[in-house]
Amino acid sequence: MKSMIFFGAGASKSEGAPLQDELFSAYFNECSKDKDRYYNVLQDFFMKAYNLDVRNTKVFPTFEEILGLLYSAEKRRESFYFNTEEIKEGIIFSMAEILDRKFLKGSTYHNQLIEKLKKEQLLMDVIFITTNYDLLLDSAILSNGLDIDYGFKNIYKHQSECLPLYKIFGSLNWKYCDVCDNFLISSQIEDGMLKSIIKEDYACNICHNQFKSIIVPPTFYKEISNYYLNNIYHNLNKGLYEVENIIFCGYSFPDADLYIKFILKRAELYKDKPFNIIIINNYEGKLPEKIEKEKDKYKLFFNGNIHYTNHSFQDFCKEPERFIPH
Ligand SMILES: [Zn+2]
């Protein structure tokens, strides 16, 4: 019996990932001494666009909001005062930089999950989907001696066992060339963790065009036509017809992910049997009202059996065999 394991922001948060608005303040504080090439660019951007003095503020707009603004300008080919490509790369760079610094000590739970799935021989029965850009799951898979199938080509070829990991909104370590569709994974393993190395400017070795990042704010998902994302979309869709269960981990089912909802709903409508849904979204101190609201949202959306557990992502990683029907 095949299952899809769907990771939302809550999964990364359980490893101590900084919240959205903490990312920028961490970046501007920790990188102020040895400034990279984007530091001043971003400092000017926040001052001009939001009247924020980056060294003295703790409240920032979200990563997705800023990327959304930049994509709007780009998509409509309207000028937006700034060099949008440069700001976009800077924003993605700052996030990669700070996540690398936070996570290089290791990912406890993601690692435990893969280890346990391997031990219980459940790896071949799962497809991983994530809305997260970070490299926590990628690291955990590689450090357990397995390969990743990102849904477009197998990048790492150490072993025959290859796990499907579809990163539907992109990944911090992916670079592509929008001229010749060349692709690059800019990462290396350090202390057993994947580190994104996007410090240098990468130029395409085929046509010498500048490589660009593949990160998509959720609201723009359906509008981005990128060869690699299209392939992932195709594989996600195909995967939905292979699985009977979907296990949501730390995924709040946000309204912004409308296109994801469309893909899920369409698959459900065409399948012989609706999905069996398992939700593992709990965390310490979660308010009862929030739990009820979220439960209702899932129940209203899916037609099949809904099992809304009172377990956390950490519980799931400890004993995934308890939650994955097999
Ligand atoms: Zn190229």
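Counting starts at 1 for both ligands and their atoms, following the listed order.
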- request: Taking atom types as modelled, find out whether S171 and K167 have a side-chain donor-acceptor pair closer than 3.5 angstrom.
  value: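 Distance-only check passes for S171 and K167.
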task: Mind checking salt bridge (charged side-chain N to carboxylate O under 4.0 Å, His left out) for K48 and listing every partner two or more places apart, or none if nothing turns up?
output: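 Residues passing salt bridge (charged side-chain N to carboxylate O under 4.0 Å, His left out) with K48: none at all.
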query: Which residue pairs pass the salt bridge (charged side-chain N to carboxylate O under 4.0 Å, His left out) test with at least one member in residues 279-288, sequence neighbours excluded?
result: K286-E294
- prompt: Does the gap between the ring centers of F313 and Y109 come in under 6.0 Å?
  reply: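 No, too far apart.
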query: Can you pull the salt bridge (charged side-chain N to carboxylate O under 4.0 Å, His left out) pairs that have at least one residue in residues 310-326, sequence neighbours excluded?
result: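 Salt bridge (charged side-chain N to carboxylate O under 4.0 Å, His left out) check on residues 310-326 returns K116-E321, E319-R322.
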field: Protein N, O or S within less than 2.8 Å of the Zn ion (ligand 1), waters excluded
entry: C177 SG, C180 SG, C204 SG, C207 SG
- request: Apply ring pair (Phe, Tyr, Trp, His ring centres under 6.0 Å) to Y166 and Y150, showing your working.
  value: CA-CA 5 Å; Y166 305 144; Y150 278 128; 9.2 Å; no
